Amino acid sequence: MKTTSTSTIPFSSFSNYGVLSSSATIPFSSVSTRRKRRHNCVFSSSKPPPQTPTLPPNCSDLGVARQVFDETPNRDRPIFAWNVLMNEHAKAGDLDQCLSLFKDMLEHGIQGNPHTFSCVLKCLASSGSVSEGAALHGYLVKSGFISYVAVGNALITFYSKRRRIDSALCLFEGMLKRDVVSWNSIMSGCISNNLAEKAIGLLVKMRLWGIDADAMTVICVLRACARTCFLCFGRAVHGYSIKSRFVEEANVSNSLIDMYGKCGDSDSAGRVFRCMYRRTAVSWTSMISVYTRDGRFDEAVDLFKRMEEEGVQPDAFAVSSVLHACTLGGSLEHRRDVHDQIIRIGLESDRVVANALIDMYAKCGSVTDARVVFDRIASTAKDVVTWNAMIGGYSKNSLTNEALSLFGEMMRLQVKPNCVTITCVLPACASLSSLEQGREVHGHALRIGCYSDMYVMNALMDMYTKSGALDLACALFDRMEAKDLLSWTVIIAGYSMHGHGGQALVTFKAMRAKAIEPNAASFLAILRACSHSGLIEEGQKFFDAMREECKIEPEMEHYSCMVDLLSRAGRLTEAYSFIESMAVKPNSSVWTPLLRGCQAHQDVKLAEKVAERIFELEPENAEHYMLLANVYAEAVRWNATKKFIERLNRRKGSSKGCSWIEIRGKAQVLLMGTTRHTPNPRRSGHCWRAWD
DNA sequence: ATAGGGTTAG
């Protein structure tokens with residue numbers, strides 16, 4: 001080892017080794033044994049008849065093999081036969097069969113060999129309990145099998161996959177013999193257990209130990225770079241993989257694309273993609289995701305279309321990722337094209353694809369289309385994601401009753417909800433202010449055990465504040481050990497909603513004291529609190545702090561909140577000049593609070609001026625005319641009211657009729673006709689309405 | 001024996 005002096009930058013220790021001569025030409029031709037994805041057809045129309053122990057059709061000889069094996073007397077069954085059968089069962093995805101064979105083996109007093117144990121550990125890693133694996137670990141130590149590297153490696157993977165990275169690390173440190181696979185396994189375990197930095201540290205150590213990296217090492221390190229956004233190190237690894245010719249391996253290039261994309265360098269990702277000698281479906285999928293992450297949705301969709309043209313059959317992954325691009329920003333035409341292509345390829349019946357389709361249609365506002373896909377999936381084939389996507393779709397589109405009734409159906413069918421389900425359905429309870437339903441969902445959350453899920457806790461608090469139970473929201477807030485920005489924002493908005501402006505201010509300060517940086521939404525919450533409680537100076541201070549200290553550009557809602565704040569306090573001219581000074585063109589939501597202020601403070605002259613600006617912006621919205629009519633009425637300007645209403649009724653093409661009556665010395669304006677712009681009943685103020 | 005790509009939440 002002569003590289004110790006340059007080891008501060010790990011890559012330099014790479015470059016000292018140059019090209020790895022022995023394994024450079026055909027480094028990993030044998031690694032391509034990837035688990036085959038089973039294609040689950042979920043649509044009821046094409047459902048195959050149910051059969052109990054399912055074996056893939058091309059593996060029916062496994063059944064025969066098993067039969068022969070079972071009929072053979074134990075003394076004639078070599079250990080090799082046990083291992084082969086166990087491996088085949090594991091490969092077919094039948095882990096129970098594999099494990100029960102192992103138990104039979106032990107009962108027959110047959111001692112396994114390293115192959116047996118790595119197979120069993122693989123099964124336990126994907127389905128078993130930690131205690132079973134730990135028991136086996138104990139046995140392996142006692143029997144001495146632990147000294148086989150392959151056995152130790154399999155144990156590392158087992159502990160990593162069961163999220164016991166400490167045990168994996170402890171085992172790794174204690175290993176007497178380690179090979180590349182040991183290092184790759186522990187690095188990969190660290191990465192999937194959120195210890196990507198540790199993985200990079202391990203790589204440095206590995207180089208110091210003089211162990212040569214292989215293609216898998218490069219793939220692991222690239223994943224660590226992607227996780228930590230360590231672009232410069234990722235570039236160094238790229239350089240190394242060119243020198244070592246690992247880059248010729250499609251899997252390495254795919255990881256490079258992913259790394260560049262996740263580090264925000266989509267141009268480099270594109271360069272790697274274009275330079276590839278042979279692109280696999282994974283390469284295309286990775287590149288589609290890179291463009292999607294970068295907001296280049298059209299390019300993502302184009303790439304998907306090109307994929308098939310260039311002879312690579314898109315799989316469920318490619319399709320799901322392009323659907324994600326369509327969800328975030330594709331045109332209607334793109335969505336139709338992609339859906340047609342999916343049907344043509346025959347992937348519409350894949351469960352993940354169907355779920356992505358539901359999500360796409362729901363997020364793009366066509367809940368009906370989403371529901372069509374949802375209904376086409378056989379009820380036995382629906383998974384939690386399917387239900388969540390549909391319920392969440394209803395929630396997001398303000399179809400609260402549909403969201404709640406679908407959740408009810410899910411419960412009736414005894415589909416087990418998860419934390420995501422809870423966050424999908426809670427907004428529906430919140431928007432109905434239905435404390436009863438909200439509490440019921442809370443009960444489900446308790447039963448599932450969502451108390452450590454931040455999303456659920458925030459959604460619960462939001463629901464309680466909106467259902468009038470601020471005290472319950474506060475109790476949850478106090479009990480949370482970890483609070484994020486959203487938790488604070490929800491509780492500040494809650495105080496604001498219930499008129500506790502002072503408490504909102506205190507909470508906002510407490511949040512900043514914890515070094516949590518407010519965003520646009522939390523500023524809106526605190527501004528609303530100031531406006532509702534008449535805290536004018538404080539509101540102005542927050543508005544200035546938002547722009548100057550936090551460098552957040554105010555959105556229309558912030559402006560309208562400030563106008564509301566000033567207008568309520570009667571500082572109407574100030575509000576007017578505030579609007580005039582805005583950097584962006586104000587819309588009607590900024591003007592209307594001022595018009596309401598004019599009504600409350602009976603400033604007819606300013607009201608007329610403001611109203612004309614609003615009429616220009618939205619001439620079709622009857623609400624605005626009503627507002628001005630009410631200003632006149634409020635100020636007991638009978639003639640003006642009458643004249644204005646006559647003007648309204650003369651308006652060409654107006655489908656609405658307007659009238660007014662006097663009750664107890666006050667004018668009440670009546671609007672008749674169909675409502676294109678459904679008014680908010682909470683804001684109706686002095687007007688009465690007679691619809692149709 | 002080890003690895004990479006996708007979907008649902010605020």
Side-chain angles (χ1 to χ4, degrees), chain A residues 28 31-35 37 114-115 117-119 121-122 148-158 160 179-189 191-192 214-223 226 249-259 261 280-290 292 314-325 327 350-360 362-363 383-393 395-396 418-427 450 453-459 461-462 484-487 489-490 521:
Chain A
F28 259 118
V31 205
S32 53
T33 46
R34 233 198 130 214
R35 254 176 308 145
R37 254 185 75 80
H115 286 106
F117 300 121
S118 58
C119 177
L121 282 166
K122 210 168 134 191
Y148 288 91
V149 202
V151 171
N153 294 347
L155 269 170
I156 291 175
T157 309
F158 164 77
S160 302
D179 58 7
V180 213
V181 180
S182 324
W183 289 90
N184 292 349
S185 306
I186 193 66
M187 285 195 319
S188 147
I191 297 160
S192 14
D214 65 4
M216 201 58 70
T217 317
V218 172
I219 290 171
C220 284
V221 177
L222 286 173
R223 195 154 75 102
E249 183 98 15
N251 292 339
V252 172
S253 282
N254 294 343
S255 299
L256 278 167
I257 294 171
D258 187 53
M259 181 276 294
T280 64
V282 179
S283 325
W284 290 89
T285 307
S286 306
M287 203 54 222
I288 290 170
S289 302
V290 170
T292 308
D315 60 2
F317 286 106
V319 168
S320 311
S321 57
V322 77
L323 283 174
H324 190 212
T327 307
D350 181 280
R351 183 196 284 132
V352 177
V353 171
N355 291 346
L357 274 169
I358 294 174
D359 184 53
M360 177 187 79
K363 288 221 175 101
D383 66 356
V384 215
V385 181
T386 319
W387 289 93
N388 293 350
M390 199 61 230
I391 295 171
S395 271
K396 273 188 283 277
N418 64 11
C419 298
V420 179
T421 321
I422 305 296
T423 48
C424 284
V425 75
L426 275 174
C450 292
D453 189 306
M454 205 100 83
Y455 295 109
V456 171
M457 295 305 283
N458 294 343
M461 291 192 296
D462 187 54
D484 67 356
L485 176 60
L486 197 67
S487 327
T489 307
V490 165

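Only heavy atoms go into these numbers, but all of them, side chains included; no hydrogens, no water, no symmetry mates. The shown structure was predicted, so the numbers you read here are calculated from the model rather than taken from an experiment.
- Nucleic acid contact class of A:Asp258 (heavy atoms, under 4.0 Å, all strands): sugar-phosphate only.
- Pairing each heavy atom of A:Thr423 with each of A:Ala459, the nearest pair is CG2-CB, 4.2 Å.
- Residue A:His324 is in sugar-phosphate contact alone, with no base atom involved, counting any heavy-atom pair closer than 4.0 Å across all strands shown.
- Using a 4.0 Å heavy-atom cutoff across all strands shown, A:Asp179 reaches at least one base atom of the nucleic acid.
- Spacing between atom NE2 of A:His115 and atom P of B:dT2 amounts to 12 Å, rounded to whole angstrom units.
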Please determine whether side-chain hydrogen bond (donor to acceptor under 3.5 Å, both in side chains) holds for the pair A:Thr386 and A:Asp383, giving the CA-CA distance in whole Å, both sets of side-chain angles, and the decisive distance to 0.1 Å. CA-CA 5 Å; A:Thr386 319; A:Asp383 66 356; 2.6 Å; yes
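- Residue A:Asp359 is classed as a sugar-phosphate contact, given heavy-atom separations below 4.0 Å to backbone atoms only.
- When the C1' atom of B:dA9 is taken as reference, atom CG of A:Asp453 falls 8 Å away, rounded to whole Å.
- We find that NZ of A:Lys363 is positioned 5 Å from P of B:dT8, with the value rounded to whole Å.
- The shortest distance between side-chain heavy atoms of A:Asp484 and A:Asn458 falls below 4.5 Å.
- In this structure, A:Asn184 atom CG and B:dT2 atom P are separated by 11 Å, rounded to whole Å.
- Scanning both residues, A:Ala389 and A:Ile358, for their nearest heavy atoms gives CB-CG2, 3.9 Å.
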